[in-house]
Amino acid sequence: MPEEVDYEEVPHLQEILNFLPISPIDEEDVAGYIQNVTNLVAVNYKYGQYQFAYFGVHLLYMTYIYCTAWKISQIEPERYRDAIVFARAYNGRDRDLKIEDAESIFAYSLMPEKDIAKLFKIIELDNSQIANVGILVDTRNEMAHASGKFEILTDDGFETKASSVLNSMAVIHDRMKKLIRKWYEEVLLSYCAGEYEGYDNPQDFIAEQMIQSFKLSVKELLVCNEMSVSQLITAHRGYDKKLKDFKKAVNDYCKEWLYT
């Protein structure tokens, strides 16, 4: 079993985790992967192995990049399909590359990492920030080679590198907000229209369809919670009670899990 370490001791780690899925359910166990990598970061940081701790931080970063690409594919499928015409796999893996209808976020691991960020033009991420994803990949790659020396030797050095990752995630998240709001509005209306069977309780729907299936992060859940439903109520008078109940359920979920 991995050694238990207080994640709050690691600079920026909890903030980084807030951008990653809360409790995803899928065959590839995204939650287990994130937990194991997080333990790796925390243990290496505790024992002063800062460069190895940073490698773990970068794995969390790439998991976020994959999750974001997958969510774009779900919310804007037509624009996504147009954008992935550039997609190429690592040498010899072309037959395995199946990202047109990616069932797993890890499908993107077959692509060169710097190429994935090109998809973020869909969310209007500017060229400098797209290039920054590549810079972070290059920095990680340079440190991963056996050079006989370590680049990150101190707590301050680790904090600086982790901060760069966190800043990139925050910028990408900010550009994703528009799509998350669009998705949430569509989900709300579908729920109110009875298109999801077997959900009498909005809390169950939030947990299973939003948190687990769509892999919402804390940050994305808060975007949903901040949205007003007043315009939807005005446009869909028959959904008045359901919309208000759903809004309250999202707010209660956030409060219960201390996300507000």
Side-chain angles (χ1 to χ4, degrees), residues 14-26 30-31 34 63-81 83 101-102 105 119-125 129 166 169-260:
Q14 186 57 58
E15 296 165 279
I16 287 168
L17 291 173
N18 286 342
F19 287 101
L20 291 165
I22 296 168
S23 182
I25 298 295
D26 54 40
V30 175
I34 291 172
T63 302
Y64 172 72
I65 296 295
Y66 298 163
C67 280
T68 303
W70 180 82
K71 286 170 183 171
I72 290 171
S73 79
Q74 302 299 301
I75 302 170
E76 292 284 2
E78 291 184 7
R79 294 178 66 191
Y80 172 82
R81 290 190 182 95
D101 297 299
I105 66 167
L119 285 170
F120 298 161
K121 291 182 179 180
I122 294 175
I123 58 174
E124 301 178 355
L125 190 69
Q129 291 298 327
L166 178 63
M169 294 170 82
V171 171
I172 295 168
H173 168 74
D174 188 64
R175 304 310 300 172
M176 271 293 289
K177 285 181 179 178
K178 182 177 179 181
L179 258 65
I180 294 298
R181 293 187 187 106
K182 175 185 177 182
W183 168 81
Y184 182 51
E185 181 174 317
E186 291 173 353
V187 164
L188 271 174
L189 293 177
S190 295
Y191 172 81
C192 292
E195 295 177 15
Y196 291 89
E197 296 182 359
Y199 289 104
D200 298 324
N201 188 327
Q203 284 89 347
D204 293 338
F205 182 89
I206 293 164
E208 294 178 16
Q209 295 297 325
M210 295 173 61
I211 302 297
Q212 296 176 1
S213 295
F214 195 70
K215 304 175 179 63
L216 276 187
S217 68
V218 169
K219 291 287 189 178
E220 290 163 343
L221 181 62
L222 290 175
V223 169
C224 297
N225 191 43
E226 290 163 3
M227 279 182 59
S228 170
V229 296
S230 58
Q231 289 185 337
L232 287 179
I233 290 173
T234 300
H236 304 273
R237 289 294 183 186
Y239 296 161
D240 186 315
K241 185 177 187 307
K242 281 190 172 182
L243 286 168
K244 288 180 179 178
D245 288 347
F246 201 100
K247 171 67 176 176
K248 182 179 184 302
V250 171
N251 186 257
D252 289 345
Y253 192 99
C254 290
K255 287 181 178 179
E256 180 181 355
W257 295 98
L258 305 178
Y259 298 145
T260 57

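More than 12 heavy-atom neighbours from other residues, nucleotides or ligands sit within 6.0 angstrom of NZ on K247. The environment of CD in E78 is sparse: at most 12 heavy-atom neighbours from other residues, nucleotides or ligands sit within 6.0 Å.
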Passes side-chain contact (heavy atoms from CB on, under 4.5 Å), I206 versus L216? Steps please.
CA-CA 10 Å; I206 293 164; L216 276 187; over 6 Å; no

Evaluate I172 against Y64 for side-chain contact (heavy atoms from CB on, under 4.5 Å), listing each step before the verdict.
CA-CA 10 Å; I172 295 168; Y64 172 72; 3.6 Å; yes

Apply side-chain contact (heavy atoms from CB on, under 4.5 Å) to residues L189 and Y239 and explain how you reach the verdict.
CA-CA 8 Å; L189 293 177; Y239 296 161; 4.1 Å; yes

Please step through side-chain contact (heavy atoms from CB on, under 4.5 Å) for the pair L17 and L20, ending with a clear verdict.
CA-CA 5 Å; L17 291 173; L20 291 165; 4.0 Å; yes

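The NZ atom of K255 sits 8.0 Å away from atom NZ of K248, with the distance rounded to the nearest 0.5 Å. In this structure, T68 OG1 and I180 CD1 are separated by 8.5 Å, a value rounded to the nearest 0.5 Å. Atom CD of residue E226 and atom CG of residue L221 lie 10.0 Å apart, to the nearest 0.5 angstrom. For the atom pair L179 CG and I123 CD1, the distance stands at 7.5 Å (nearest 0.5 Å). A distance of 10.0 Å separates CG of L243 from CD of E185, quoted to the nearest 0.5 Å. Between K242 atom NZ and C192 atom SG the span is 6.0 Å, to the nearest 0.5 Å.
Formation of a donor-acceptor pair under 3.5 Å by the R79 side chain with backbone atoms of I122 is found in this model. Side-chain atoms of S23 never come within 3.5 Å of backbone atoms of Q212 as a donor-acceptor pair (strictly under, hydrogens ignored).
Side-chain contact between K182 and E76 is present, with heavy atoms from C-beta onward closer than 4.5 Å. Looking only at side-chain heavy atoms (C-beta outward), M210 and Y184 come within less than 4.5 Å of each other. Between Q74 and F214 the shortest side-chain heavy-atom distance falls below 4.5 Å.
Relative to the six-membered ring of W70, K215 meets both conditions, a distance below 6.0 Å and an angle of at most 45° to the axis.
Note on ring orientation: taking the six-membered ring where Trp is involved, the planes of F205 and Y199 are perpendicular (angle over 60°, cut-offs 30° and 60°). Between H173 and F19, the angle of the ring planes goes over 60°, which puts this pair in the perpendicular group of the 30/60° scheme.
Of all the heavy atoms in C67 and I105, the pair that sits closest is SG-CD1, 3.5 Å. Residues I16 and M169 share a closest heavy-atom pair of O-CE, 3.6 Å. Closest approach of D245 to P202, counting heavy atoms only: O-CG, 4.3 Å. Scanning both residues, S217 and K71, for their nearest heavy atoms gives N-NZ, 4.2 Å. Of all non-hydrogen atoms in Y80 and A69, the two that sit nearest each other are CE1-O, 3.9 Å. Minimum heavy-atom separation, I72 to M176: CG1-SD, 3.8 Å.
At a cut-off of 3.5 Å, with distance as the only test, no side-chain donor of Q209 or Y191 sits close to an acceptor on the other residue.
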